[in-house]
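Protein chains get the first letters and strands the later ones, always in sequence-line order, with residue 1 at the start of each.
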Amino acid sequence: MKKISILKPVLVSNQERAKENRKFFDKTNSLVLNIIGSPGSGKTSVIERVVKDLKSSYQILVIEGDIKGSIDSERLSKLKIDTIQINTLTECHLDAFMTAQVLPQIKKPYDLVLVENVGNLVCPAEFEIGEDYKVAILSTPEGDDKPLKYPLLFHLARVVIINKVDLLPYLDFNIKRARENIKGKNPKAIIFEVSASTGEGFEGLIDFLKKELTKRK
Amino acid sequence: MHEYAVTKSLVELCDREAHRHKIKNVRLIKLKLGKFTGFSPEAINFYFEYLKDGTRCATAKIEFFEIPVRIRCPNCNYEDDIEEPIFLCPECGNVNIEVISGREFYIESIEGE
């Protein structure tokens with residue numbers, strides 16, 4: 001019987017591929033955001049608002065990750081921006097390899113690449129795809145305890161967007177408690193409170209993104 | 001459910017390493033798993049049982065070693081394992097905590113002949 005010391009991370013190949021993807025986007029100084037949230041948290045609606053506000057000044061690409069179908073990319077292409085659809089079929093998240101497969105479809109430089117991950121708070125957090133950072137979307141009907149239940153995502157996300165704040169009068173969602181729960185997992189998290197249906201709170205998010213995009217120029 | 005993909009990577013990596021070190025039958029894979037990952041040993045075992053067929057790991061078992069989440073405060077040098085992932089220094093309240101361990105997921109060793 002032989003015993004061989006290996007000491008190699010199992011996800012090494014994904015991490016390496018993510019670095020390659022990163023290099024691809026760095027060539028064009030693109031800001032790449034990996035947007036993660038539950039199904040129905042409003043990821044696509046938030047992206048729509050962001051695209052509407054920024055598309056006159058910036059080149060934007062949206063990469064849509066879904067298990068099946070192209071409903072979201074069709075919805076976003078109505079805004080006259082470029083979209084790419086990835087169907088993950090059996091997988092519950094996007095990984096660096098699935099992302100790498102669509103890179104050849106990117107024919108021009110983009111200032112901002114928004115990647116909408118598969119709706120899920122667990123798996124997408126584990127797999128880097130070559131993003132600058134993760135953006136978590138938490139909607140008020142889900143409850144203010146979600147950062148406690150899915151700590152990894154909220155720990156890793158640089159930006160957390162609390163969506164559907166227009167519904168607060170009807171829900172038992174405590175914004176102060178939600179912020180404390182997020183800060184407990186990630187004291188440096190940058191938190192925005194928005195409503196994608198009314199547009200409330202988007203000025204702050206848009207200002208932040210404009211600053212981030214200017215930094216890359 | 002995402003354990004399928006990682007278990008596939010695990011089997012491929014072990015198979016490759018076994019080939020490189022001239023091991024025909026891997027008997028034991030020692031796996032280090034941080035507590036702050038979303039991977040479940042049960043799910044990894046479940047997929048491993050059928051992904052290992054036809055590889056050098058076909059008769060192998062996995063032994064899991066859990067790695068605790070450990071934080072360090074660069075401000076006051078406090079360092080300890082934590083049970084609940086709360087990232088605030090319990091000594092000085094610093095928010096810029098370093099997470100030293102807990103996200104590991106690697107193969108420590110393989111045994112076989």
Side-chain angles (χ1 to χ4, degrees), chain A residues 1-18 36 65 67 88-98 117-129 145 147-157 179-191, chain B residues 1-14 16-40 43-44 48 62 69 71 82 84-89 93-97 99 102-113:
Chain A
M1 187 85 99
K2 277 204 275 189
K3 182 176 175 180
I4 310 287
S5 175
I6 305 286
L7 303 175
K8 279 191 184 162
V10 175
L11 288 177
V12 65
S13 49
N14 188 71
Q15 279 153 358
E16 278 167 7
R17 189 59 246 190
I36 304 174
I67 291 183
T88 62
L89 302 176
T90 56
E91 294 291 348
C92 48
H93 59 269
L94 287 177
D95 68 22
F97 292 94
M98 298 177 211
N117 217 309
V118 179
N120 182 340
L121 293 178
V122 188
C123 321
E126 294 283 351
F127 296 86
E128 283 173 27
I129 57 174
D145 58 352
L148 304 178
K149 292 185 162 183
Y150 305 92
L152 183 63
L153 172 63
F154 291 94
H155 174 63
L156 295 176
R179 283 181 165 268
E180 282 165 6
N181 290 342
I182 295 164
K183 292 282 182 184
K185 301 302 164 207
N186 183 357
K188 288 180 276 185
I190 302 163
I191 305 172
Chain B
M1 162 175 179
H2 59 315
E3 280 86 355
Y4 175 82
V6 299
T7 310
K8 201 158 172 276
S9 301
L10 168 74
V11 172
E12 284 163 7
L13 183 58
C14 287
R16 222 166 33 237
E17 290 294 327
H19 179 66
R20 208 153 71 86
H21 294 98
K22 300 188 169 51
I23 292 177
K24 284 202 183 76
N25 284 306
V26 180
R27 300 286 184 195
L28 186 67
I29 299 166
K30 288 191 174 168
L31 206 57
K32 294 268 189 171
L33 189 59
K35 268 181 86 171
F36 199 29
T37 69
F39 301 121
S40 132
I44 291 173
F48 183 68
I62 305 176
V69 186
I71 56 166
I82 52 172
E84 280 297 308
I86 293 168
F87 299 96
L88 196 68
C89 177
N94 180 14
V95 296
N96 289 303
I97 289 291
V99 181
R103 291 212 62 211
E104 296 82 354
F105 181 35
Y106 66 90
I107 303 166
E108 187 186 56
S109 64
I110 55 174
E111 292 175 31
E113 65 276 320

* Tell me, out of Val95(B), Ile107(B), Ile23(B), who's got the most heavy-atom pairs with chain A below 4.5 Å. => Ile107(B)

* Who among Arg103(B), Glu104(B), Glu113(B) has the most heavy-atom pairs with chain A under 4.5 Å? -> Arg103(B)

* Asked: When you check the gap from the basic side-chain N to the acidic O, do Lys3(A) and Glu108(B) get nearer than 4.0 Å?
  -> no

* **Ion pair Lys8(B)/Glu12(B), N-O distance below 4.0 Å** => yes

Would you say that [X] contacts [Y] through its side chain, given a criterion of any heavy-atom pair below 4.5 Å between the two side chains?
X	Y	result
Thr88(A)	Met98(A)	yes
Glu126(A)	Phe105(B)	no
Leu94(A)	Phe127(A)	no

* Structure fact -> So, the part of Leu13(B) with a heavy atom under 4.5 Å from chain A: the answer is side chain

* Part of Arg20(B) within contact of chain A (heavy atom distance under 4.5 Å) -> side chain

* Between Leu121(A) and chain B, which part of the residue has a heavy atom less than 4.5 Å away: side chain, backbone, both or neither? -> neither

* **Close contacts, residues 25-32 of chain B versus chain A, judged by heavy atoms under 4.5 Å** => Arg27(B), Lys30(B), Leu31(B)

* To do: Could I get the full list of side chain to side chain donor-acceptor pair (under 3.5 Å) partners for Ser5(A), not counting sequence neighbours?
  => none

* Structure fact -> Residues passing the side chain to side chain donor-acceptor pair (under 3.5 Å) test with Gln15(A), sequence neighbours excluded, are none

* Asked: With sequence neighbours left out, which residue pairs that include part of residues 182-191 of chain A fulfil the side chain to side chain donor-acceptor pair (under 3.5 Å) condition?
  -> Lys188(A)-Asn96(B)

